[in-house]
Amino acid sequence: MDITSNYFTSKQFNASKLSQSYYYHHTTSQTTSSSSPPFLHFAIALSQVTSTTKRLLKEQILTNILLVYLYYDRRKRNQDCCSCPTTTTVITSLEKNSMSSTTTLHATLLAGNVATHGYTLNIGFASISSSLCTSLQCSKTLLRQKIQKKGEMGDAAASIWSGSGVGSSGGTQSRIDGWGIQKKKRKCLEMRDMIDVISCINDMNQSNGDKGVEKRKKDAMSKIFSVVHHPDELRFAVKIFCNNMRTGATLVTVMRCLAAAHVLHKYNRINADMEEEEEEEVVIINENNNNNTYYFKVRPKKSNQNNRDCKSKIKQDIIHAQETFRSVYARHNDLKSCVVALVLGGMEGLLSACDVKVGVPVQPLLAAPSRSVEEVVLHYAENIPSSFAAVTSSSSSCGKGDDKGDNEENTVENRCITATNNTSENDASDDIPLLTAEYKYDGQRAQIHYQRIPSADDGGDDAQKEDMNILFFSRNLDNVTVKFTALVEWMKSRLQKLEMIRSFILDAEIVAVKRCCHQTNNGQGCSSSNAETILLPFQVLSTMKRSAVAAADELDMKRSSRNDDDDIELCIFAFDIIYLDGKALVEHVLIDRRKLLYQALSPIVQPGYFEFANSIDIVLNPTTDDLNSNSEAILMLESYLTKSIGPGRCEGVMLKSLYSKYKSSDTREKSGGFGGWRKLKKDYVDTIADSIDVVPIGAWRGNGRKNKWFSPFLLAVYDPDSGDFQSLCRCMSGFSDDFYKEKSIFYSNRLIETKSSVVSTNENPTFWFDPCEVWEIRGADLTISPVHHAGRGQMMGSAGEGISLRFPRFVRLRDDKAPEDATTGRQIIELFHSQSQRQNVMK
DNA sequence: TCTGATGCGTC
DNA sequence: GTCGGAC
DNA sequence: GTCCGACGACGCATCAGA
């Protein structure tokens with residue numbers, strides 16, 4: 001059997017058999033009973049995925065390889081237990097974790113994201129290349145050159161491997177056929193081997209204090225590198241260790257394929273049971289009859305009258321499965337339990353086993369950037385659903401009121417402020433706010449899970465002790481509870497008394513703050529009336545300790561000698577609630593969720609510790625393109641934006657429809673529509689943003705698709721006092737491909753040998769340029785930098801430090817300016833100071 | 001014990 | 001976080 | 001609109017090597 005054969009039936013479609021054609025003398029004749037698919041199969045499929053830019057084709061290939069994995073999975077399960085799985089067995093096997101879902105691991109590997117399976121490698125470019133050099137017996141220089149040429153380490157390794165015949169175990173020459181396969185008796189590299197090594201490396205991270213971890217990791221990788229039989233095997237092994245597959249398909253795509261594969265797998269099974277002859281076929285098509293263009297797809301049944309119906313039925317099922325899986329996974333962000341539930345219990349099993357649950361993170365809603373107040377207002381106004389009238393009339397008990405000012409904005413009563421005003425002549429029903437704007441805090445996103453659990457070891461019967469579980473998840477859904485030990489303790493103490501609240505999941509932003517308590521006559525502590533929360537910039541928050549050990553140390557320090565000023569005070573700004581007292585709220589509309597949030601958690605609000613995000617509600621009139629009908633909304637939003645970045649000390653404003661659910665994409669309503677969140681930051685808006693004129697002084701060589709160009713560029717500011725070009729930041733965003741092409745040629749002709757004496761930076765780019773141009777760039781904040789020198793020598797006090805730019809991006813070429821006309825170091829300092837004032841940075 | 005290199009996660 | 005490219 | 005992959009500044013954690 002050969003992979004270039006045109007048709008495989010599902011029964012024949014067996015990856016082990018397939019692989020036999022590659023391994024002339026397999027070590028064991030029992031290939032078909034192997035529990036793991038061969039790695040070669042995986043590698044070749046991914047090679048195909050990589051070689052096309054067509055998304056549908058990528059999906060087709062991935063779907064089919066996942067189909068293969070499902071066969072393996074089922075066969076393995078059949079060995080364990082022959083009974084048909086039911087929902088109960090799904091749940092019990094999930095709970096007991098008795099059945100490992102290899103399919104999940106395979107999907108994870110296809111997406112090149114081992115983190116989704118809980119693995120951390122802590123391996124990078126340096127150790128991989130070192131391991132590679134020993135396995136391939138090549139010099140670092142050769143590898144570096146190849147990487148430069150190929151733009152990527154995996155491709156480089158494969159290229160070296162093919163060219164030198166290093167795969168041979170004896171180190172001598174060996175015969176390699178057209179596929180680069182050695183006709184030699186050896187073990188087939190299986191998926192299992194790869195997974196074992198990954199798991200092994202992951203475990204090494206736990207062995208704390210052990211010496212020689214680096215070496216053992218390299219050895220583990222070499223184990224794979226040295227048994228490779230085919231360049232693609234090496235190529236993708238390397239890519240997996242790099243955690244960057246560059247196949248053009250990430251987890252999002254792989255999950256869609258997984259859902260599709262599940263449906264196809266089911267059809268194959270049903271048909272196989274019913275009628276052997278008319279079995280739905282999984283076929284491998286090699287249209288051009290050459291080895292480079294095969295792919296798999298389901299071939300409709302031959303000579304079947306219902307062929308077309310059947311085909312469209314399958315297609316429908318696939319789409320449905322994909323949507324379901326996506327939405328379930330969004331609520332229950334644990335790939336393993338979702339896949340296991342799907343594989344064992346089908347759609348029903350998936351839906352029943354994987355709902356919103358305390359302890360399992362929910363995919364957070366994100367916001368799309370908006371360029372102006374007008375754009376945002378228009379966006380929402382245009383997308384108001386026609387069914388809207390019905391929705392508004394049934395909801396909202398919000399009263400009307402005026403903005404009462406900073407101090408009272410966070411009280412529950414003042415939450416509901418409409419944008420109504422005395423000039424409005426409209427029908428009163430038009431004045432119901434549809435939009436809400438919230439401060440966009442410059443902190444760290446956190447999803448806070450809470451649950452009261454009856455204490456297990458409670459002897460007394462009337463004491464009724466309860467434990468309180470609190471978990472913090474980051475934006476990327478890592479469990480970061482240990483980082484916020486102090487907040488956990490604070491919340492526990494506050495929630496202790498709030499017995500009626502059993503459980504919740506909050507969406508919030510954690511911000512570093514300075515708590516100020518104004519003096520009062522009665523000498524009481526801080527209360528809402530005399531407390532003030534001063535928000536500190538992100539850079540302060542980022543200096544927090546991360547590990548459990550460090551957190552414990554910090555607690556100890558606090559008890560003993562630690563100066564209070566060194567402690568970073570944190571405040572939680574809650575802005576949404578996803579789950580409350582056993583009930584998922586993802587299907588609730590924001591206006592209702594917010595009401596529940598305020599009702600449930602107002603009792604624990606304490607300024608500087610736990611607050612609700614500042615917000616205003618805005619009336620919106622349906623319109624297509626007429627801004628006048630929403631001029632009130634625009635004015636209101638403009639002033640709110642100004643306030644948020646001025647006195648509010650925030651990054652800007654978040655915008656949400658009050659009638660959107662907590663889900664990123666509905667079938668009907670894509671995230672870009674009425675339901676999506678938007679963000680509006682100062683630096684997005686042309687009219688308020690500061691731009692900086694900067695001089696390119698150097699660059700590196702790009703990776704991957706930017707391999708042939710300079711990327712990133714090193715940009716500098718000019719200091720007329722010293723005549724120096726002081727680096728401000730690297731920059732790689734905002735350039736079009738054409739610009740890259742042009743500038744790569746332009747600067748190739750303006751390279752200088754070594755770092756110029758008028759250049760001041762800690763960076764060491766591969767290429768140095770003759771400073772000759774001015775580029776306009778834009779960014780968010782200026783930060784104190786350990787590597788960039790902008791403004792150096794002009795800073796008060798700290799001569800050794802410079803200033804850098806957060807989120808830099810290219811805007812345009814300033815061909816009207818000479819390098820000496822660029823923004824000066826002094827100007828950078830001024831900008832930094834005005835920003836510091838705004839941000840209340842205290843040194 | 002300290003330092004620089006490296007990895008990783010936050011924005 | 002930012003952005004441009006391809007679909 | 002969606003998905004993907006080019007990469008930004010920073011700071012902490014960890015480890016090898018001095």
Side-chain angles (χ1 to χ4, degrees), chain A residues 52-59 111-112 115 120-128 151-152 204-205 207-215 217 243-253 256 366-369 440-446 474-476 478 480 483 509-510 537-550 651 664-665 669-673 676 679 681 683-684 700 702-707 709 711-715 728-740 763 777-788 803-811:
Chain A
T52 176
T53 56
K54 294 191 169 60
R55 297 213 295 228
L56 291 177
L57 183 51
K58 283 177 194 290
E59 286 191 20
T120 311
L121 297 180
N122 266 309
I123 281 176
F125 186 89
S127 42
I128 300 169
E152 205 260 350
M204 290 180 199
N205 295 315
S207 63
N208 34 5
D210 233 2
K211 287 289 171 197
V213 175
E214 296 282 305
K215 171 115 184 24
K217 284 183 181 176
N243 225 326
N244 189 356
M245 305 294 273
R246 301 181 219 241
T247 58
T250 54
L251 198 62
V252 180
T253 301
R256 254 212 310 275
L366 306 177
K440 185 177 190 308
Y441 295 90
D442 188 13
Q444 180 174 348
R445 185 90 173 256
S474 69
R475 193 196 115 127
N476 292 328
D478 277 354
V480 288
K483 182 176 168 183
E509 189 83 6
I510 296 173
F538 177 78
Q539 210 171 7
V540 175
L541 181 69
S542 70
T543 61
M544 280 186 68
K545 299 283 177 285
R546 286 181 198 144
S547 73
V549 178
E651 289 185 292
S664 55
S665 61
E669 203 176 84
K670 292 300 175 198
S671 60
K679 56 184 171 184
K681 305 208 310 193
D683 56 291
Y684 298 158
W700 290 259
N703 291 303
R705 65 179 287 274
K706 296 189 180 176
N707 175 31
W709 308 320
S711 178
F713 290 96
L714 183 60
L715 306 178
L728 177 71
C729 61
R730 301 180 183 192
C731 184
M732 47 62 61
S733 196
F735 304 114
S736 68
D737 282 10
D738 284 345
F739 188 86
Y740 274 120
E763 290 278 26
I777 63 169
R778 189 175 286 176
D781 296 311
L782 293 165
T783 56
I784 294 175
S785 169
V787 302
H788 294 290
I803 288 192
S804 186
L805 185 66
R806 184 149 79 133
F807 311 143
R809 61 211 105 121
F810 173 81
V811 177

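Here is how names work: the chains are called A, B, and so on, in the same order as the sequence lines, proteins then strands, and each is numbered from 1. Treat the numbers as computed from the prediction; the structure is a model and nothing was measured. Keep in mind that the numbers below use all heavy atoms, side chains included, and drop hydrogens, waters and symmetry copies.
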Nearest 0.5 Å, please: how far is [atom2] in [Y] from [atom1] in [X]?
X	Y	atom1	atom2	value
A:Leu714	A:Cys731	CG	SG	10.5 Å
A:Ile123	A:Asn243	CD1	CG	9.5 Å
A:Ile510	A:Ser474	CD1	OG	10.0 Å

message: Less than 4.0 angstrom from a charged side-chain N to a carboxylate O is my criterion; do A:Lys483 and A:Asp478 meet it?
response: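 Salt bridge between A:Lys483 and A:Asp478, a charged N being under 4.0 Å from a carboxylate O: no.
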- prompt: Taking 4.0 angstrom as the limit, do A:Lys681 and A:Asp781 come out as a salt bridge?
  reply: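 Salt bridge: no.
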For the pair made of [atom1] in [X] and [atom2] in [N], what is the distance, rounded to whole Å?
X	N	atom1	atom2	result
A:Met204	B:dG7	CE	P	16 Å
A:Lys215	D:dA16	NZ	C1'	14 Å
A:Ile128	B:dC8	CD1	C1'	14 Å
A:Ile510	B:dG9	CD1	P	18 Å
A:Met544	D:dC12	CE	C1'	11 Å
A:Asn476	B:dC8	CG	P	14 Å
A:Arg475	B:dG9	CZ	C1'	12 Å

What's the shortest heavy-atom distance between [X] and [Y], and which atoms?
X	Y	result
A:Met732	A:Pro712	CB-CB, 3.9 Å
A:Leu728	A:His788	O-CG, 3.4 Å
A:Arg730	A:Pro808	O-CG, 3.3 Å
A:Glu152	A:Asn244	OE2-O, 4.1 Å

Have a look at [X] and say if it touches a base, only the backbone sugar-phosphate, or nothing, with a 4.0 Å heavy-atom cut-off.
X	result
A:Lys679	sugar-phosphate
A:Gly779	nothing
A:Ile123	sugar-phosphate
A:Asp737	sugar-phosphate
A:Phe735	sugar-phosphate
A:Lys681	sugar-phosphate
A:Leu541	nothing

message: Please encode protein proximity along nucleotides 3-10 of chain D as a string of B, S and -, counting only heavy-atom distances under 4.0 Å.
response: BSSBBBSS
task: Would you check if the distance from the ring center of A:Phe810 to the ring center of A:Phe713 is below 6.0 Å?
output: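 Here the rings of A:Phe713 and A:Phe810 have centres that are no less than 6.0 Å from each other.
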- prompt: When the C1' atoms of C:dG1 and B:dC8 are considered, how many whole Å apart are they?
  reply: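 Their C1' atoms lie roughly 15 Å apart.
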field: Where chain A begins and ends its contact with DNA chain C, read 5' to 3' at 4.0 Å from heavy atoms
entry: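 The footprint of chain A covers C:dG1 to C:dC7.
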query: With respect to the phosphate group of D:dT14, does any side-chain polar atom (N or O) of A:Asn122 fall under 4.0 Å of OP1 or OP2?
result: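 So the side-chain polar atoms of A:Asn122 never come under 4.0 Å of the phosphate oxygens OP1 or OP2 of D:dT14.
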query: Between A:Leu56 and A:Lys440, who's closer to the 5' end of DNA chain C by nearest nucleotide?
result: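 The residue mapped nearer the 5' terminus is A:Lys440.
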